[in-house]
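Before any comments, here is the structure.
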Amino acid sequence: QLQLVESGGGLVQPGGSLRLSCVASGFSFNYYGIGWFRQAPGKEREGISCISRSAETIYYADSVRGRFTISRDNAKNTVYLQMNTLKPEDTAVYYCARVKASYGTSCPSSGVWYDYWGQGTQVTVSS
């Protein structure tokens, strides 16, 4: 059964850090890119980062570039999102998703190019 499971969310003060993990199972992880998205209440889903299957391509949205770092460990079937200098506007449910095989080896920012999604993990940045 194909699964993506996020973890690592929680409550953190502004300026703090969190590391999210996305553990994959049920498919050949090293053949797929993985992306991170977030959705805040009342807002559209936002693609914030993506890493291609061999990490040769990495994408960051302007809203997180310089503060967030994506990485992957193919031996552990896991993608990480290190989030530093968190702001209240980073509060959202964070999701990881798998890039469709038809997209190729690059790293899309749009959710239409992703086919499987995790259940999400809540990140709340508040004092």
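- For the pair Val99 and Cys50, the minimum side-chain heavy-atom distance is below 4.5 Å.
- For the atom pair Arg72 CZ and Ser54 OG, the distance stands at 7.5 Å (nearest 0.5 Å).
- Contact between Gln122 and Thr91 at its shortest, heavy atoms only, is NE2-CG2, 4.0 Å.
- Separating the CZ atom in Phe27 from the CG atom in Asn77 is a distance of 7.0 Å, to the nearest 0.5 Å.
- Among all heavy-atom pairs drawn from Ile70 and Trp36, the shortest one is CD1-CD1, 3.6 Å.
- Side-chain N or O atoms of Arg98 include none that pairs as donor or acceptor with a backbone N or O of Ile34 at under 3.5 Å.
- Annotation: side chain of Asn74 is in contact with side chain of Phe29 (closest heavy-atom distance under 4.5 Å).
- With sequence neighbours excluded, the residues satisfying ring pair (Phe, Tyr, Trp, His ring centres under 6.0 Å) with Tyr103 are Trp113.
- The two residues Gly35 and Tyr114 come nearest to each other via the heavy atoms N-CE2, 3.6 Å.
- Linking ILVMFWY residues whenever their side-chain heavy atoms come closer than 4.5 Å, directly or via other members, places Tyr116 and Ile48 in the same cluster.
- Contact annotation: the side chain of Tyr32 never approaches that of Arg53 to less than 4.5 Å [non-hydrogen atoms, C-beta and beyond].
- At a threshold of 4.5 Å between non-hydrogen side-chain atoms, the residues Val123 and Met83 count as touching.
- When every heavy atom of Asp73 is checked against every heavy atom of Tyr80, the shortest pair comes out as CB-CE1, 4.1 Å.
- Listed here is the closest heavy atom pair of Ala61 and Gly47: CB-O, 3.5 Å.
- Following chains of ILVMFWY side-chain contacts shorter than 4.5 Å, one can reach Tyr31 starting from Ile51, so the two form part of one hydrophobic cluster.
- The backbone N or O of Gly26 sits nowhere less than 3.5 Å from a side-chain atom of Gln1 that would complete a donor-acceptor pair.
- No side-chain donor-acceptor contact under 3.5 Å links Glu6 to the backbone of Thr121.
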Problem set entry | Full working for side chain to side chain contact (heavy atoms under 4.5 Å, CB included) between Thr69 and Leu81 | CA-CA 6 Å; Thr69 302; Leu81 187 67; over 6 Å; no
Scan the side chains in residues 37-46 for donor-acceptor partners under 3.5 Å anywhere in the protein, sequence neighbours excluded, and list what turns up.
| residue | atom | partner | partner atom | Å |
| --- | --- | --- | --- | --- |
| Arg38 | NE | Glu46 | OE1 | 2.9 |
| Arg38 | NH1 | Asp90 | OD1 | 2.8 |
| Arg38 | NH1 | Tyr94 | OH | 2.9 |
| Arg38 | NH2 | Glu46 | OE1 | 3.3 |
| Gln39 | NE2 | Lys43 | O | 3.1 |
| Glu46 | OE2 | Ser63 | OG | 2.7 |

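- The two residues Thr57 and Ser106 have their closest heavy-atom pair at CG2-OG, 4.2 Å.
- Salt-bridge formation is not detected for the pair Asp115/Lys100: no Lys NZ or Arg NE/NH1/NH2 atom is positioned less than 4.0 Å from an Asp or Glu carboxylate oxygen.
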For this session: Might you work through the side chain to side chain contact (heavy atoms under 4.5 Å, CB included) test for Ser49 and Phe68, ending with a clear yes or no?
Result: CA-CA 8 Å; Ser49 187; Phe68 291 9; 6.0 Å; no
Run the side-chain donor-acceptor check on residues 7-21: report pairs under 3.5 Å with partners two or more places apart or on a different chain.
| residue | atom | partner | partner atom | Å |
| --- | --- | --- | --- | --- |
| Ser17 | OG | Asn84 | OD1 | 2.9 |

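- Atom OH of Tyr59 and atom OG of Ser109 lie 4.5 Å apart (nearest 0.5 Å).
- Using a distance-only test at 3.5 Å, with no hydrogens or angles considered, no donor-acceptor pair links the side chain of Glu89 to the main chain of Lys87.
- Hydrophobic cluster membership is shared by Leu2 and Val79, with clusters built from Ile, Leu, Val, Met, Phe, Trp and Tyr side chains linked at under 4.5 angstrom.
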